[in-house]
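Notes follow the structure.
In what follows, chains are A, B, ... by sequence order, proteins preceding strands, each numbered from 1. Excluded from the calculations below are hydrogen atoms, water molecules and symmetry mates; all remaining heavy atoms, backbone and side chain alike, are included.
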Protein chains: 2
Amino acid sequence: MSNLKVLPILEADAGDGAVPCCAPLSREPLGVEDSERIAVMFKALGDPVRLRLFSLIASHEGGEACVCDIQDVGVSQPTVSHHLKKLRDAGLVTSERRGTWVYYKVAPPVVAALAGVLDLSS
Amino acid sequence: MSNLKVLPILEADAGDGAVPCCAPLSREPLGVEDSERIAVMFKALGDPVRLRLFSLIASHEGGEACVCDIQDVGVSQPTVSHHLKKLRDAGLVTSERRGTWVYYKVAPPVVAALAGVLDLSS
């Protein structure tokens with residue numbers, strides 16, 4: 001099961017093709033295209049409010065949270081929606097509407113691959 | 001030696017106090033201050049040219065590179081300098097002048113802590 005989950009990292013599962021791909025930075029330098037794709041993800045996490053929203057989703061049970069549970073970050077609801085869209089466009093979370101609310105879920109293989117890029121131990 | 005290197009993570013070793021600090025996002029949500037400090041680092045990596053420069057330094061022997069070795073990223077030398085300053089201000093690299101050239105070195109404990117924040121396995 002876990003092996004099956006590794007493969008989709010190499011395919012686009014987000015709208016913008018922003019998917020990790022690469023060996024740890026310490027092993028080889030990134031190419032132009034890879035750096036563009038990965039920078040999109042780091043940029044998505046490079047805003048304090050977006051990072052807090054992402055951490056609220058990631059730390060929620062099952063790595064999934066209703067938008068109704070993560071709105072208390074000191075910005076307006078439209079701004080929350082805007083930030084969540086950025087996280088989703090970057091491929092870091094997925095979203096699903098259920099009834100009234102939209103639920104956001106972290107994309108563990110994508111996040112793991114992103115962390116792997118930062119692995120300097122190899 | 002490696003133990004001694006762990007402690008400075010909690011202290012500011014970069015100019016802007018942008019130092020990792022925190023448990024993995026999956027364990028607990030980030031507070032306001034922590035998210036601001038960590039977002040600075042992700043933002044620094046959230047530009048394709050900067051990310052390439054960082055990968056060039058990280059993949060160089062010993063995780064250190066002369067600025068003269070990493071200028072071939074398709075932008076002007078002043079732009080390279082500007083990006084390297086951003087990486088340094090974020091605490092991801094340190095710099096040292098030796099004779100004519102400035103050498104940049106990755107800050108492994110800082111990068112490891114940043115990767116640790118993205119660890120969803122815990």
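The environment of CD in A:Gln77 is crowded: more than 12 heavy-atom neighbours from other residues, nucleotides or ligands sit within 6.0 Å.
Of all non-hydrogen atoms in B:Leu56 and A:Pro29, the two that sit nearest each other are CD2-CB, 3.6 Å. Nearest heavy-atom pair across B:Ser55 and A:Leu30 is OG-N, 2.9 Å. Closest approach of B:Ala39 and A:Asp47 over heavy atoms only: CB-C, 3.7 Å.
Here the OG atom belonging to A:Ser35 is positioned 13.5 Å from the CZ atom belonging to B:Phe54, to the nearest 0.5 angstrom.
Just one residue in the list B:Leu45, B:Leu118, B:Ile38, B:Leu25 forms a side-chain contact (heavy atoms from CB on, under 4.5 Å) with A:Leu45, and that residue is B:Leu118.
For the set A:Arg50, A:Lys43, A:His60, the count of heavy-atom pairs under 4.5 angstrom toward chain B peaks at A:Lys43. When each of B:Ala23, B:Ala44, B:Ser59, B:Gly31 is scored by its heavy-atom pairs under 4.5 Å with chain A, the top score falls to B:Ser59.
For chain B, the nearby parts of A:Glu36 are the backbone and the side chain; heavy atoms of each come within less than 4.5 Å. Using a 4.5 Å cut-off between heavy atoms, B:Val32 touches chain A through backbone and side chain atoms alike.
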